Amino acid sequence: MLIRSFPAGAFGTNCYAVATGRGQECVIVDPGQDAVEPLSQIIAEDGLKPVAVVLTHGHLDHTFSVVPVCEGYDIPAYMHPLDNGMLTDPARWFGPQLARLVAGARFPDPSEVVPLDDGAVLDLAGVRLTVRHAPGHTDGSVVFGLDLGEAPGLFAGDVLFQGSVGRVDLPGGSWQKMLASLRDVVLPLDDETIVLPGHGGLTTIGRERATNPYLAEAASSQPAPKGRGL
């Protein structure tokens, strides 16, 4: 598996290009601010042909370059529908102090974005991505599982970082939902799983299970009680 990445824009959002090898089709993950030029350089260097953009969630630091990338390569974008509102009004969901960064940016019409469902399996460019809905950072946050050959992999977006997890203080964030996602989606993964996060460096589930205090809190949390039937 070939994975190329770079930190995009002022937010340092990790943008990834994923392919089975050089000269093959590829999937682009989270093309953030100012991602177009470095992404085109990677694509040219490795002779890649983009077939789709997949988004871990709707925050503008992950979606900023979706329109120019999708239009430039004539490819679709995929995102969970619960984050559609972030495309129509990104400043509201990411804080008014960042509204100036939205000036001049174009975001896709949600009706033109392919919806992601929990448990869906995407076969794109020879890469099989398993979608898991993992709300908490946003209502529509997802992670993508894949087989890296030597180990399982996880595009974690802003759900899990090296030594930390995504913030929950922005509109749509919820610490209780984040705990549930960490407990039910992240913790069951194999320790060998390589985590490719939305910000910062690579890590593994085993490392985070042993050292990340937020995963420890999630492990000790209890599922919400089920409602009684009538």
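The first residue in the sequence is number 1, and the count goes up from there. Here the structure is a predicted model, which means the values were calculated and not measured.
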Does some side-chain heavy atom of Leu124 sit less than 4.5 Å from a side-chain heavy atom of Val54? yes

Any Leu122 side-chain heavy atom under 4.5 Å of Tyr78 side chain: yes

Heavy-atom nearest pair, Leu55 first then Asp30, reads CA-OD1, 3.2 Å

Are the aromatic rings of His62 and His199 close, with centres under 6.0 Å apart? yes

How about Val159 and His57: do any of their side-chain heavy atoms sit closer than 4.5 Å? no

When clusters are formed by joining ILVMFWY residues with side-chain heavy atoms under 4.5 Å apart, either directly or through shared neighbours, do Val168 and Val185 land in the same one? yes

The single option from Val186, Ile194, Asp190 that satisfies side chain to side chain contact (heavy atoms under 4.5 Å, CB included) with Ile205 is Val186

Distance (rounded to the nearest 0.5 Å) between Leu187 CG and Leu160 CG: 9.0 Å

Quick one about His137 and Asp158 (side-chain donor to acceptor, distance below 3.5 Å, no hydrogens or angles considered), yes or no? yes

Do Asn14 and Tyr16 pass the side chain to side chain contact (heavy atoms under 4.5 Å, CB included) test, and can you show the C-alpha distance, the side-chain angles, and the key distance before you say yes or no? CA-CA 6 Å; Asn14 291 330; Tyr16 298 92; 3.5 Å; yes

First locate atom OH of Tyr214, then atom CE of Met178, and finally report the distance between them rounded to the nearest 0.5 Å. 10.5 Å

Hey, can you tell me if His80 and His133 have their rings parallel, tilted or perpendicular (30° and 60° cut-offs)? parallel

Can you name the nearest heavy-atom pair linking Thr20 to Gly126, along with the distance? CG2-O, 3.6 Å

What about Leu82 and Phe107, same hydrophobic cluster or not, with Ile/Leu/Val/Met/Phe/Trp/Tyr joined at side-chain heavy-atom distances under 4.5 Å? no

Is the shortest side-chain heavy-atom distance between Val29 and Val53 below 4.5 Å? no

Answer yes or no: is there a side-chain heavy-atom contact under 4.5 Å between Val131 and Val121? no

Has Ser181 got a side-chain atom pairing as donor or acceptor with Pro135's backbone, closer than 3.5 angstrom? yes

How long is the span from the CG atom in Asp89 to the CG atom in Asn84, to the nearest 0.5 Å? 13.0 Å

Within the side chain of Gln33, is there an N or O that forms a donor-acceptor pair under 3.5 Å with the backbone of Ala8? no

In this structure, CG of Asn212 is separated from CD of Glu217 (nearest 0.5 Å) by 10.5 Å

With the threshold set at 4.0 Å, does a side-chain nitrogen-carboxylate oxygen contact exist between Asp46 and Arg4? yes

What's the spacing between Ser65 OG and Glu71 CD if we round to 0.5 Å? 12.0 Å

Considering only heavy atoms from C-beta outward, does the side chain of Leu2 approach that of Val18 to under 4.5 Å? no

Minimum heavy-atom separation for Gly32 and Phe64, please, with both atom names. C-CB, 3.6 Å

Any chain of hydrophobic side-chain contacts (each under 4.5 Å) joining Leu179 to Leu170? no

Is it the case that more than 12 heavy atoms not belonging to Asp74 sit under 6.0 Å from its CG atom? no

Would you sort out whether Ile3 and Leu148 count as a side chain to side chain contact (heavy atoms under 4.5 Å, CB included), showing the intermediate values? CA-CA 9 Å; Ile3 299 180; Leu148 298 178; 3.5 Å; yes

Say whether, by atom type as modelled, one donor and one acceptor occur between the side chain of Thr211 and the main chain of Arg207 under 3.5 angstrom. yes

Would you check if Leu202 and Val195 make a side-chain contact, meaning some heavy-atom pair closer than 4.5 Å? no

Which heavy atom of Pro50 sits nearest to which heavy atom of Ile43, and what is that distance? CG-CD1, 3.4 Å

Start with the C-alpha distance between Arg128 and Asp147, add both sets of side-chain angles, then the distance that settles salt bridge (charged side-chain N to carboxylate O under 4.0 Å, His left out), and finish with yes or no. CA-CA 8 Å; Arg128 174 168 287 196; Asp147 183 3; over 6 Å; no

Stepwise side chain to side chain contact (heavy atoms under 4.5 Å, CB included) check, Leu87 with Val66: CA-CA 10 Å; Leu87 297 178; Val66 170; 6.0 Å; no

Can you tell me how far CG of Leu189 sits from OG1 of Thr204, rounded to the nearest 0.5 angstrom? 11.5 Å

State, to 0.1 Å, how close Gly163 and Pro213 come at their nearest heavy-atom pair, and which atoms those are. O-CD, 4.3 Å

Could you check Arg167 against Trp175 for side chain to side chain contact (heavy atoms under 4.5 Å, CB included), going step by step and ending with a plain yes or no? CA-CA 9 Å; Arg167 61 190 294 181; Trp175 182 239; over 6 Å; no

Co-membership, hydrophobic cluster, residues Leu48 and Val127, 4.5 Å side-chain: no

In the single-linkage hydrophobic clustering (I, L, V, M, F, W, Y; side-chain heavy atoms under 4.5 Å), do Val69 and Val114 co-cluster? no

Contacts under 3.5 angstrom, residues 34-42 side chains, donor-acceptor by atom type, not counting sequence neighbours:
| unit_1 | atom_1 | unit_2 | atom_2 | d |
| --- | --- | --- | --- | --- |
| Ser40 | OG | Val36 | O | 3.3 |
| Ser40 | OG | Glu37 | O | 2.7 |
| Gln41 | NE2 | Glu45 | OE2 | 3.1 |

Is it true that Asp139 and Lys177 make a salt bridge, defined as a side-chain N closer than 4.0 Å to a carboxylate O? yes

Would you say Thr13 and His59 make side-chain contact, with heavy atoms under 4.5 Å? no

I'd like to know if the side chain of Ser141 reaches the main chain of Thr138, judged simply by a donor and an acceptor atom lying under 3.5 Å from each other, with no hydrogens or angles considered. yes

Heavy-atom closest pair (Cys70 atom, Ala77 atom, distance to 0.1 Å) is SG-CB, 3.8 Å

